[in-house]
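Below is one structure, written out as structure tokens, with a few remarks after it.
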Amino acid sequence: MAGKSVQERLDRLWRRGREFLGCDYAVLGGAMTWVSERNLVSAISNGGGFGIIASGSMSPDQLSEEIAGTAALTDRPFGVNLITMHPQLTELIDVCLDHRVGHIFLAGGLPPGTAIARVRQGDAKAICFASAVVVAKKLVRSGADALVIEGMEAGGHIGPVSTSVLAQEILPVIRDVPIFVAGGIGRGEAILGYLEMGAAGCQLGTRFVCAFESIAHPRFKQAFLRASARDAVPSVQLDPRFPVIPVRAIANAATQRFLDTQRSVIERFNRGEIDQKAAQLEIEHFWAGALRRAVIDGDVDNGSLMAGQSVGMVTEEQSTAAILRELVDQALAALAAREDAERERAGAAE
């Protein structure tokens with residue numbers, strides 16, 4: 001009886017997220033460039049979660065092919081993550097709508113209201129990323145159907161605020177739309193905690209990198225399996241005159257070379273050998289193509305090992321379905337333990 005009751009409690013907690021996404025578990029697979037492609041995305045959806053294609057810098061034709069390839073592998077709902085700074089954002093939205101993608105995630109900056117409107121006019125849901133309460137409110141006013149709040153514990157490009165603080169700031173305030181929490185989540189107990197705070201579900205990326213269905217290079221996966229939470233660090237900026245977009249990744253040889261490159265460029269700038277624009281471009285271009293080198297080519301020394309701090313919880317290769325089942329079982333076990341404790345307290349009070 002306890003098993004049935006805890007399942008019902010979990011179902012109630014993430015009902016809003018499940019109904020919004022159309023899946024069994026309100027667990028989204030975070031969009032990771034080069035990793036979140038048709039094989040992993042379809043596996044997450046087939047396993048009961050919600051897979052999301054990372055479009056990255058894809059052209060409209062490339063995205064169309066990827067959506068079709070994913071649809072051929074699953075009949076379950078999945079979404080597409082679009083970068084708002086992409087020069088062909090409108091065309092990419094139209095590709096998603098042509099393929100009847102029901103959920104379009106607008107990431108990488110504040111999306112223009114016209115983009116949100118275009119998504120909704122095409123009978124799709126627009127999901128946006130909020131980095132603060134004021135941003136969340138603005139996005140809801142602009143028509144966002146749901147929000148993702150992602151803390152600095154996440155892998156890849158990050159903001160300055162932790163997941164737990166964002167959740168405390170935003171979840172009690174924004175009730176109009178479903179909110180999914182992301183950043184540093186690797187276990188079912190954490191998912192449960194955010195659901196109880198009012199989240200509709202959670203988004204995990206790092207946890208799925210070492211899934212059997214992930215096409216990431218074996219050496220890339222091994223770097224994840226060996227890493228601990230403290231190995232996933234944000235990129236360091238040496239001089240405020242030359243901004244560095246913070247990216248969380250596992251430290252490797254390239255991390256140190258990036259610091260050396262910054263020092264060299266700054267010294268040359270100070271000597272008047274290069275102007276500020278050229279110096280900034282040289283720093284920015286250091287990581288060009290580095291993610292693909294790591295994920296696809298397996299160059300874990302010179303590539304970028306983007307990973308969230310939950311990487312320490314990635315301890316073995318598993319099927320995507322097993323990962324999802326493990327997360328759900330952990331949440332259910334936590335609920336069952338609470339029910340047992342409640343019964344014990346009730347018995348002691350009698």
Side-chain angles (χ1 to χ4, degrees), residues 14-33 35-56 58 60 63-84 86 89-130 136 139-140 142-150 174 176-182 191 199-205 208 320 324:
W14 62 13
R15 179 177 292 119
R16 191 180 191 188
R18 292 174 61 201
E19 291 177 352
F20 179 81
L21 298 169
C23 57
D24 298 330
Y25 314 135
V27 176
L28 299 89
M32 301 171 286
T33 302
V35 179
S36 299
E37 48 74 70
R38 65 188 70 178
N39 293 286
L40 181 59
V41 171
S42 61
I44 292 172
S45 291
N46 286 334
F50 190 85
I52 304 170
I53 295 171
S55 68
M58 288 182 188
L63 178 58
S64 179
E65 183 179 342
E66 195 60 39
I67 294 172
T70 306
L73 296 173
T74 183
D75 59 1
R76 306 298 299 274
F78 62 88
V80 174
N81 183 285
L82 303 178
I83 305 301
T84 58
H86 196 294
L89 177 60
T90 300
E91 291 90 332
L92 294 173
I93 291 173
D94 289 344
V95 166
C96 293
L97 297 177
D98 288 344
H99 282 276
R100 299 188 181 280
V101 172
H103 299 74
I104 300 174
F105 295 73
L106 300 170
L110 198 64
T114 52
I116 295 175
R118 197 175 192 91
V119 170
R120 300 190 72 192
Q121 287 164 5
D123 291 329
K125 303 293 187 184
I127 302 95
C128 304
F129 289 73
L139 289 168
V140 172
S142 298
D145 293 293
L147 300 175
V148 177
I149 56 176
E150 185 173 67
I174 306 297
D176 307 41
V177 301
I179 298 178
F180 299 91
V181 178
I191 294 173
C202 288
Q203 177 176 289
L204 290 74
F208 291 110
T320 301
L324 287 163

Where the side chain of [X] meets the backbone of [Y], is there a donor-acceptor pair that is under 3.5 Å apart?
X      : Y      : result
His86  : Met58  : yes
Arg18  : Ala26  : no
Arg120 : Ala126 : no
Ser45  : Asp75  : no
Thr70  : Glu66  : yes
Asn46  : Leu73  : yes

[Y] side chain reached by [X] side chain, heavy atoms, under 4.5 Å:
X      : Y      : value
Asp145 : Ile116 : no
Leu106 : Ile127 : no
Asn81  : Phe129 : yes

Derivation of the side-chain contact (heavy atoms from CB on, under 4.5 Å) call for Thr74 and Arg38 = CA-CA 9 Å; Thr74 183; Arg38 65 188 70 178; over 6 Å; no
For [X] versus [Y], what's the shortest heavy-atom pair and its separation?
X      : Y      : answer
Thr84  : Leu89  : O-CD2, 3.6 Å
Ile52  : Ser36  : O-CB, 3.4 Å
Met32  : Gly205 : CE-O, 3.2 Å
Gly79  : Phe105 : CA-CE1, 4.4 Å
Ala200 : Trp14  : O-CB, 3.8 Å
Gly22  : Pro77  : O-CG, 3.4 Å

inquiry  = Going by salt bridge (Lys or Arg N to Asp or Glu O under 4.0 Å), name the residues that satisfy it together with Glu37, two or more places apart in sequence or in a different chain.
reply    = none
query = When you look at Leu139 and Val177, which way does the side-chain contact (heavy atoms from CB on, under 4.5 Å) test go after all the steps?
reply = CA-CA 10 Å; Leu139 289 168; Val177 301; over 6 Å; no
task = Look at atom CD of Glu65 and say whether more than 12 heavy atoms of other residues, nucleotides or ligands are closer to it than 6.0 Å.
result = no
ask   = Is there a ring-ring contact (aromatic ring centres under 6.0 Å, His included) between Phe78 and His103 once you walk through the steps?
value = CA-CA 7 Å; Phe78 62 88; His103 299 74; 9.9 Å; no
message = Under the criterion side-chain contact (heavy atoms from CB on, under 4.5 Å), I'd like the reasoning laid out for Tyr25 against Ile191: C-alpha separation, chi angles, the key distance, then a yes or no.
response = CA-CA 11 Å; Tyr25 314 135; Ile191 294 173; over 6 Å; no
task = Decide, yes or no, whether a salt bridge links Arg100 with Asp123 under the criterion of side-chain N to carboxylate O below 4.0 Å.
result = no
